[in-house]
Each structure stands twice: as structure tokens, then as C-alpha cells.
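Below, chain A is the first sequence line, B the second, and so on; all start at residue 1.
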There are 2 protein chains.
Amino acid sequence: MNYELLLREHSLKATPQRVGILSLMQKSGHLDVEELFIKIKKQFSTISLATLYKNINAMMEKSLITEIKIPNKKSKYEIAKEPHIHLLCQECNEFIDLKLDVGCLVNEAAKESHYRLKESSIVLSGVCEKCQKK
Amino acid sequence: MNYELLLREHSLKATPQRVGILSLMQKSGHLDVEELFIKIKKQFSTISLATLYKNINAMMEKSLITEIKIPNKKSKYEIAKEPHIHLLCQECNEFIDLKLDVGCLVNEAAKESHYRLKESSIVLSGVCEKCQKK
DNA sequence: TACTTAAAGAGAATAATTATCCTTTAAGCT
DNA sequence: AGCTTAAAGGATAATTATTCTCTTTAAGTA
């Protein structure tokens, strides 16, 4: 994935710090601010926490990344992509994406409420397959 | 609604402050911490913000209330009830409950992922009927 | 009514996030 | 490639959000 290009397409300067943040989001899955900071410091030892926050906010404003708010947990971030839902294992804290068509639910909600719906934030929690076997 | 009873059923002391907080959550809809504090101070002028936080946390631990995490907004709180979803109007900030069967979506997600699912947090955002007409 | 213990209230302490200021750098233009 | 400039980085202060500590008060119970 070409993060420089992706950043420029969103009218953001392609700094090495930003590229590093994006590649961490891609590679390491769903990280919170603290986890991101620990990892990004291994690449840029002098990076400031303020820089991380500023970049997260800048990239969110341009809808390049998305914040996922999770019950009882710190927010995580991911590179924006097609709509999908999230699953959390309450035992091992595994947190995964699931591509699932939410159109049906959204249509139903729109019908009932007369809202014109644009975004969905769906987090389902339970026990993953591995933890069920323990 | 008898909040004293509700509190005692959840092994919590039924203090007037707690009853006040619960009745605000019921009456005034979905409030965030700051809004709750402003309103509760009208009833208990000396109430401390720490008391509010402590009570929110205590009632959440006993599952008497629920925190709703909303993209780009502060968390709101509500008295726990049967599963439902939330709709947010991005224009006027109306925030409402919608009773909608999510069983289908959850079953589908469980089938795909092999998770045993227990909780769902669903917030859909868009434009409410009134704002569409503007 | 008195006892016990959890909760309230006040303020300090900590954590999380944002703002400020100055330096550095990416990107567009010769 | 070098020049210009607006944007971004880094350090730190400031602000905001939340939790902790300690003393006082009051709810639940015998």
C-alpha cells in the first residue's frame, strides 16, 4: 500500500511519521493511542505524543482513518475502508473486523425512524472460538 | 419508576443523589457527564463532580446503567433496558433509541465468526426527518 | 435509637488531550 | 537542484477529564 499517495490524495503532507502511523495501523491491527505511541517511538524515537494526536486528528478530519469507540475500552483506530462491523472477545481482548452486510439492519432502522442513515458503528462483544474451548 | 427499589435490587444504597441521577437519565433522555452535572446541581447544589463520577461507575459496575459510546461525541448514559440501537442526527444532534430486532445481524455475525455473542453496541448516524426537510 | 459502613463532598492528584511556540521540512515553482 | 512558504514536528505548557484521598454524613440494619 502506498501511504504517501494515500495521504496526498487526502490533501495531507506525506511525512514519514504519518506513513509510519498508517503502516502500524495496517500491520498491527487495532491499536489505541498509547499502543500506537509505544510502537511509533521505535521508528521515530523523538516523536512527540502531540504529533501523534495531531496526526490522528488530521487524518480523521480527512476521513482517512476512523476511530472505533468500544464499550469499556479505549478507542482504537483503523484505516478507513468499506463498512464493516467489529467483534470483541471479552476474555482475550481479541478485536477483529467482520465484513458483513449491514444494509438490511440499516434499511429497517431507516424505515422505522425516517432517518436518512449514512454511517454505522457496530461493535458486538462475546467470546471468541478459542476462548470458548478453554 | 421506583429508583430506590431499583438501586437496592442492585446492592446499592439508595441515596437521594443517585435517585436524582437516575431520574434525570430517564426524564432528560441521553445526557453526557457534563450535562448531568449541570442538571443534578440544580437539585443538589453541593454535589461534587467526583460523586457523579463515582455513582456512574458504581451503577455501571452493577449493570444498572449503560454507557453509550458515540463516534465524535461524548459518551451518554441510560438506564439499562432490553437491547436496542441508537440513532444520531448529525445536524441537530438528536439522539434516540430505536427498538429493533438485532438478532438477525448478531446470528449472522456469530455464524461467520464462531463467536458466542453477548452484547451489542450499535449507533447509526445520519439525518433525522425534520432536518431532511430543512 | 444506636451502630456500622458505604457514600457524599472538597480538594488534590493523575491521566488524557489540546494549545503554543519555535524549528524543521515537504511540496510547488522556478 | 535551489528557493519559498505553508504545513508539520517536537518540546512543553495548558486545559480538560477522571480518579483518589480524606473527613463528614447518612443509609441500612439490629
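Judged by distance alone, with hydrogens and angles left aside, the side-chain atoms of A:Arg18 form a donor-acceptor pair with the main-chain N or O of A:Lys13 at under 3.5 Å. For B:Gln17 (side chain) and B:Ser48 (main-chain N/O), no donor-acceptor pair under 3.5 Å exists by modelled atom type.
For B:Thr15 and C:dA6, the shortest distance from a side-chain N or O to OP1 or OP2 is not below 4.0 Å. Contact between the side-chain N/O atoms of A:Asn55 and the OP1/OP2 oxygens of D:dG9 is found at a separation under 4.0 Å. Close to C:dT17, at under 4.0 Å from its OP1 or OP2, lies a side-chain N or O of A:Tyr53. Taking 4.0 angstrom as the limit, A:Asn57 places a side-chain polar atom (N or O) nearer than this to OP1 or OP2 of C:dT18.
Closest to the B:Gln17 side chain, of the nucleotides D:dT12, C:dA26, C:dA8, is C:dA8. The B:Val33 side chain lies nearest to D:dT18 when the options are D:dT18, C:dA16, D:dA6. For B:Thr46, taking side-chain heavy atoms from C-beta onward, the closest of the listed nucleotides D:dA17, C:dA10, D:dA26 is C:dA10. In the set C:dA10, C:dA8, C:dA26, the nucleotide with an atom closest to the side chain of B:Ser48 is C:dA10. Minimum atom distance to the side chain of B:Ala50 is reached by D:dC20, of the listed C:dA8, D:dC20, C:dA26.
B:Lys73 has its NZ atom 14 Å from the P atom of D:dA17, to the nearest Å. The distance from atom NZ of B:Lys13 to atom P of D:dT25 is 15 Å, rounded to the nearest whole Å. Atom C1' of nucleotide C:dA26 and atom CZ of A:Arg8 are separated by 8 Å, given to the nearest angstrom. When rounded to the nearest whole Å, the span between CG of B:Leu52 and P of C:dA10 equals 14 Å. One atom, CG of A:Leu49, and another, P of C:dA16, lie 10 Å apart when rounded to the nearest Å. One can place CD of B:Glu4 at 16 Å from P of D:dA26, the figure rounded to the nearest angstrom. Residue A:Ile38 contributes atom CD1, which lies 15 Å from atom C1' of C:dA16 at whole-angstrom precision. Look at NZ on B:Lys74: it is 9 Å from C1' on D:dT16, rounded to the nearest Å.
Counting distance only, with no hydrogens placed and no angle test, the side-chain atoms of A:Lys54 and the base atoms of D:dG10 include a donor-acceptor pair under 3.5 Å.
By the rule that hydrophobic residues join a cluster once side-chain heavy atoms approach within less than 4.5 Å of another member, A:Met59 and A:Leu52 end up as members of one cluster.
At a threshold of 4.5 Å between non-hydrogen side-chain atoms, the residues B:Tyr3 and B:Met25 do not count as touching.
Of the two residues near DNA chain D, B:Glu34 and B:Ala14, the one whose nearest nucleotide lies more 5' is B:Glu34.
Within 6.0 Å of the NZ atom in B:Lys81, the count of heavy atoms belonging to other residues, nucleotides or ligands exceeds 12.
Counting any heavy atom pair closer than 4.0 Å across all strands shown, A:Ile47 reaches sugar-phosphate atoms only and no base atom.
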